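What follows is a set of notes on a single structure, which appears directly below.
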Amino acid sequence: MQMKLKLTGTKRTRSNAITYGIVVLAFLLVQIVDGTGNLTSSLRGQLVPICAYIVMAISLNLTVGILGELSLGHAGFMSLGAFSGVIVSVSLQESIVSDPVRLLVSLVIGAVIAGLFGIVVGVPALRLRGDYLAIVTLAFGEIIKNVINTLHVGIGRNGLRISMTDQASLNLGEGGTVIIQGPIGAVGINKTSTFTAGIILILVTLFIVLNLVHSRSGRAIMAVRDNRIAAESVGISVTRYKLTAFIISAALAGAAGALYALNYSTVVARKFDFNTSILVLVFVVLGGIGNIRGSIIAATVLTVLPEMLRAFNDYRMLAYAIILIIVMLTSNNDQLKQLIQRATSIFRRNKDSRRKGEESTHA
Amino acid sequence: MTFLSYLISGLSLGSVYAIIALGYTMVYGIAKMLNFAHGDVIMVGGYMSFIATAHLGWPPLASVLLAMVVCTALGIVIERFAYKPLRAAPSLAVLITAIGVSYFLQNAALLIWSSNPKSFTSIVRLPSLKLFDGELTVSSVAIVTIISCIIIIIALTFVIGKTKIGKAMRAVSEDKEAAQLMGISVNQTISVTFAIGSALAAIAGVLLCSAYPILMPTTGSMPGIKAFTAAVFGGIGSIPGAFWGGLLLGMIEIFGKAYISTELSDAIVFSILIIVLLVKPTGLMGKKISEKV
């Protein structure tokens, strides 16, 4: 028994190491390709968004895969992180000169704000079940989009000013800067996000999520997912663990949002709509629900895929839709599943018998 | 007087939401799936009617019939090829497939009809009604929409409550396996449900475009989301719930726009939805779910 536990422990460490390794390897690979000048400019522009989407996918996987609740408004948290990150970055333009430090502060505050809203949404919403929870998160995403769309924020002599009506009522005085202009969004952002920062954020996200999953809390969260009533009856506080996972997930989405927004000179609230939430959900489902490594790969492939499909020109989004449907249909096809299972079992049997043969010769 | 005119436009918008929500709720009740492609079927219905009237010169009523026939066929085809193979799959897989279908319909429409908005000519060509010495003007589209919604809900209640296929639908939604044992063809019943839902979506599409005459490949998505919210608002799976949910949502939206803020109307609608769900976690008329260990 002791042996077995230890074995799964080392197996787990190895699996985690592979996940971290893939990220680091991908980083090095991109650096090499970029160094030799083989990286196309369209792909280079995608690097930071890919990192942001990977963090989004891991964070949503925490909610959907580990916690087992469907969220259709994850882009709302991303939006909160994005705009609070931008506000922080612009406000601290003078006080913090170093770009990486300012980026770090923006990411942290973006994550904190999104996490706080995670509490606001999570406390009431997590009482609901299944599809009703999904609807509340959807509604929350739409509310955030709608409110930020009417928001005017500026910084002037009197500090940070917020208005829901128009720019004039901000009363910034001379030398003030307008940060968010309602439906036009945030303009004139100093691009501080870098690919390296994105990779570091992915690694930090992985560290947080993988450690959470394999901790006492993580096991409690998964127990709640698998059978809420059974978990409750053995003394697990359902609300507490659900909320923990949800807040961490929201905060990570906020950090991803800040990273994403600080990669562009302008960002609008409409970017973080229902479609973005769905896009990230597609990453999670295609990567495998609860499978963190799968999320990383799916987010990368599906962000690059539309670029690769450029050869199809106008047909590329149509092709994307068809690929999505076909993948869902084949991956859930029972006959195909049986076929694969049979193939792998034959393969495994061969391997086993070979190993047995080796053992007998040794003996 | 202005209050009355807001009330009527709220009821008219609410009726459109109700007709769409009925499709959502019927499909959910039977197939236990959120059919996110439903909103795009509305869009297809709008385009069909547009082509029939603007290009082929058909009379309005014939164009509505064409839209209904095409959407019904579309609904059956979607169900047969995209959802039926996933009957036993986890619900998230079905949800993603529905999203794939939605992307497909939107992008196919984009290729066929381009992203340029088409201006839709209302199918109701009657003069608007003037009441109280011309102080209150009620558009004929609003009246037709409200009347259509009432006819649809009565017809639907009759079909589900009194006919054989309605009985089959209720049986399948209650317990698929037991229904099958009683000799009901589950697949056929689900097909019929999709067909009815899609035909309703076609009607909703035509009415929606008659009231808000801009037709684009993305026309269906926002009303789709709102109607879906309406269905949840009323308690998803419940027919009267979808009707009242739709009407209420339409009125909240119009009154919110008129009296609180035009820009924040969506935020108001969704906030009220959240509040309702917190007080009544399964919607206004939803069944209470008891859990067994």
Side-chain angles (χ1 to χ4, degrees), chain A residues 64 70 72-73 121 124-125 127-136 138-147 149-150 164-165 182-183 227-230 233 273-275 278-279 281-282 284-286 289 314-334, chain B residues 28 32-34 36 81-82 85-86 88-108 110-111 114 218 221-222 225-226 228-229 231-233 235-236 261-275 277-278 281-283 286 289 291-293:
Chain A
V64 176
L70 179 58
L72 295 176
V121 182
R127 289 172 50 223
L128 302 169
R129 307 227 189 296
D131 296 331
Y132 289 96
L133 175 81
I135 297 306
V136 168
L138 185 160
F140 162 73
E142 291 297 317
I143 293 172
I144 291 292
K145 183 184 82 180
N146 206 218
V147 170
N149 226 353
T150 62
M164 296 280 282
T165 48
N227 192 332
R228 190 183 58 86
I229 297 172
S233 67
D273 60 355
F274 179 63
N275 286 332
I278 292 297
L279 187 73
L281 186 65
V282 169
V284 172
V285 174
L286 285 189
I289 296 164
D314 294 339
Y315 295 90
R316 77 191 169 117
M317 283 316 286
L318 201 67
Y320 181 86
I322 294 170
I323 291 173
L324 191 63
I325 297 172
I326 291 176
V327 168
M328 285 330 284
L329 290 183
T330 46
S331 65
N332 286 290
N333 191 319
D334 276 338
Chain B
Y28 185 89
K32 296 283 175 290
M33 67 164 288
L34 302 175
F36 269 118
F81 289 102
L86 297 172
S91 63
L92 255 180
V94 190
L95 183 78
I96 300 291
T97 312
I99 288 160
V101 173
S102 160
Y103 281 172
F104 178 82
L105 290 179
Q106 273 183 30
N107 288 292
L110 196 70
L111 284 176
S114 87
T218 51
S221 38
M222 201 57 195
I225 294 178
K226 292 259 180 69
F228 170 44
T229 327
V232 176
F233 197 70
I236 197 153
S261 161
T262 326
E263 286 143 343
L264 288 176
S265 71
D266 284 356
I268 296 164
V269 169
F270 288 113
S271 310
I272 291 180
L273 170 83
I274 292 181
I275 295 167
L277 283 187
L278 294 182
T282 51
I289 315 156
E291 270 176 285
K292 286 183 205 147
V293 183

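Computed from a prediction, not measured in an experiment: that's the story for all the values here. Naming convention: chains lettered A, B, ... in sequence-line order (proteins, then strands); numbering from 1 in each chain. Below, each value reflects all heavy atoms present in this structure, side chains not excepted, and no hydrogens, waters or symmetry copies.
- Annotation: the span from B:Ile99 atom CD1 to A:Leu72 atom CG amounts to 7.5 Å, rounded to 0.5 Å.
- The candidate from B:Ala93, B:Ala89, B:Ala88 with the greatest count of non-hydrogen atom pairs under 4.5 Å with chain A is B:Ala93.
- Here the straight-line distance linking atom OG of B:Ser102 with atom CD1 of A:Ile278 works out to 8.5 Å at 0.5 Å rounding.
- Contact of B:Leu105 with chain A is not made at all, since no heavy-atom distance falls under 4.5 Å.
- Contact check for A:Leu70 versus B:Leu95: side-chain heavy atoms found under the 4.5 Å cut-off.
- Using a 4.5 Å cut-off on side-chain heavy atoms (C-beta onward), A:Ile143 and B:Ile274 make contact.
- Residue contact with chain A, scored on non-hydrogen atoms closer than 4.5 Å, involves the side chain of B:Tyr28 exclusively.
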Next item on the list: Go through the steps for B:Phe228 and A:Ile135 under the test side-chain contact (heavy atoms from CB on, under 4.5 Å), then give the verdict.
Entry: CA-CA 9 Å; B:Phe228 170 44; A:Ile135 297 306; 2.9 Å; yes

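- With a 4.5 angstrom heavy-atom cutoff, A:Val285 touches chain B only via side-chain atoms.
- B:Met222 touches chain A through its side chain: at least one heavy atom from C-beta onward sits under 4.5 Å away, while N, CA, C and O do not.
- At a 4.5 Å heavy-atom cutoff, B:Leu110 makes no contact with chain A through either its backbone or its side chain.
- Here the side chains of A:Asn146 and B:Phe270 are not in contact, with every heavy-atom distance at 4.5 Å or above.
- Shown here for A:Ala321 and B:Gly100, the closest heavy-atom pair between the two residues is CB-O, 3.6 Å.
- The contact between B:Ile96 and chain A is made by backbone and side chain atoms together, counting heavy-atom distances below 4.5 Å.
- Heavy atoms of B:Leu264 lying under 4.5 Å from chain A belong to its backbone as well as its side chain.
- The structure places CG of A:Leu329 at 11.0 Å from CZ of B:Phe81, a figure rounded to the nearest 0.5 Å.
- Residue A:Val284 does not touch chain B at all, counting heavy-atom pairs closer than 4.5 Å.
- The structure places OG1 of B:Thr229 at 8.0 Å from CD of A:Glu142, a figure rounded to the nearest 0.5 Å.
- With a 4.5 angstrom heavy-atom cutoff, B:Ser265 touches chain A only via backbone atoms.
- Heavy atoms only, all atoms of each residue included: B:Thr97 and A:Met328 are closest at OG1-CB, 3.3 Å.
- The minimum heavy-atom distance linking B:Ala267 with A:Val147 is given by the pair CB-CG2, 4.3 Å.
- Using a 4.5 Å cut-off between heavy atoms, B:Val101 contacts chain A through both its backbone and its side chain.
- No part of A:Ile323 comes within reach of chain B, as not one of its non-hydrogen atoms sits under 4.5 angstrom from that chain.
- Only the side chain of A:Leu138 comes within contact range of chain B, judged by heavy atoms closer than 4.5 Å.
- Between B:Leu278 and A:Val136, the closest side-chain pair of non-hydrogen atoms is not below 4.5 Å.
- More than 12 heavy-atom neighbours from other residues, nucleotides or ligands sit within 6.0 angstrom of CZ on A:Phe274.
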